[in-house]
Amino acid sequence: MVKYFACVGHLKSSWDQVCIAFWERYPNPYSNHVLTEDIIFRDVTPGNCLVSRRLLTKTNRAPRWMEKYLPVTMARHAYIIEDSIVDPQNRTMTTLTWNISHARMMSVEERCEYRINPDNTSWTEINREAWISSNIYGLSRAIQEFGLARFKTSVTKTMKGFEYVLAKMQGDTPSRTLAEHAAERARETALVAKEKAKGLASQAHKKQQYV
Amino acid sequence: MLIVLKMNSVGEDCTDLKREYDQCFNRWFAEKFLKEDRSGDPCTEMFKKYQHCVQKAIKEKNIPIDGVEFMGPNKEKPDS
């Protein structure tokens with residue numbers, strides 16, 4: 001069973017600007033959960049399309065009820081791959097993003113098409129689809145619901161992140177200041193540290209049980 | 001307070017190479033590629049150095065990137 005989700009979004013910037021922003025979108029005030037970013041493959045096809053593969057590591061935060069079912073040693077970081085094709089002749093960009101870790105627990109796949117907004121050619125339209133599935137016996141429906149809810153939140157963050165980066169590129173003062181960004185980052189770092197500590201404490205507790 | 005405005009690489013030693021490459025790429029992408037100027041990629045050497053470093057880090061950390069074809073997972077998908 002797979003949960004399917006689709007939505008259309010708009011950015012009030014040209015397709016060119018959005019594509020440039022796509023490569024410069026991290027970090028932004030809404031992406032503090034994204035820890036590392038790497039291009040691990042890139043090429044230009046004979047048809048002059050840019051194909052790229054980007055590897056991201058993100059913090060892996062699950063709700064309390066899900067954490068109970070995660071093995072203690074489960075990695076606190078999730079790995080995500082994003083493949084993309086930029087076609088400058090047709091002015092389209094297609095992206096496919098999916099997690100390569102924790103996939104049995106929950107698999108989220110997102111496909112986006114970026115194109116010139118047909119109603120306003122100085123804007124960009126993003127058609128987004130997602131497929132969310134889980135293979136954990138007895139929990140898959142709950143996990144999928146959680147996954148879908150989190151995905152919708154992340155779409156909002158993604159769009160806000162884009163708007164922030166585009167505003168910066170165009171020389172506007174972004175609505176979120178650097179100070180807020182720094183404060184959010186500090187909060188995020190504290191959260192990661194807290195989770196690490198929790199993980200270690202839980203490990204120690206588990207060890208005790210089997211002594 | 002230090003405000004980090006650039007991303008790190010998954011390979012701690014690769015971050016400088018990554019940032020150098022990204023800077024070169026971003027300029028080429030905006031000024032040449034999007035204008036369909038095919039006059040050649042000035043970033044290939046930087047990319048090679050960066051890739052050598054990051055692919056090594058990926059292996060060391062056992063990150064499971066192998067075996068997935070480009071745009072691979074998006075086969076026939078059911079609508080719910």
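The sequence lines fix the lettering, A, B, ..., with proteins before strands; numbering per chain opens at 1.
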Most contact-rich option vs chain B, by heavy-atom pairs under 4.5 angstrom, among A:S84, A:S107, A:S101, is A:S84
Name the option with the most non-hydrogen atom pairs under 4.5 Å to chain B; the candidates are A:F5, A:Y26, A:W98.
A:W98
What residues of residues 139-147 of chain A make heavy-atom contacts with chain B at a cutoff under 4.5 angstrom?
none
Between B:V54 and chain A, with a heavy-atom cut-off of 4.5 Å, which part of the residue counts as in contact: side chain, backbone, both or neither?
side chain
Let me know if B:I65 has heavy atoms under 4.5 Å from chain A in its side chain, its backbone, both or neither.
both
Tell me every residue that passes disulfide bond (SG atoms under 2.5 Å apart) with A:C19, counting only those two or more places apart in sequence or in another chain.
none
Any idea which of A:L55, A:I100, A:N48 has the most non-hydrogen atom pairs under 4.5 angstrom with chain B?
A:N48
Answer with yes or no after comparing the ring centroid distance for B:W28 and B:F33 against a 6.0 Å cut-off, counting only values under it.
yes
Where does A:Q89 contact chain B at under 4.5 Å (heavy atoms): side chain, backbone, both or neither?
both
Find out whether the Lys NZ or Arg CZ of A:R42 is both under 6.0 angstrom from the six-membered ring centre of A:W23 and within 45° of the ring's axis.
yes
If you count heavy-atom pairs within less than 4.5 Å of chain A, which of B:K35, B:K18, B:Q55 leads?
B:K18
Donor + acceptor pair across side chains of A:S14, A:D16 (<3.5 Å)
no
Does the side chain of A:V51 come within less than 4.5 Å of A:F41's, by heavy atoms?
yes
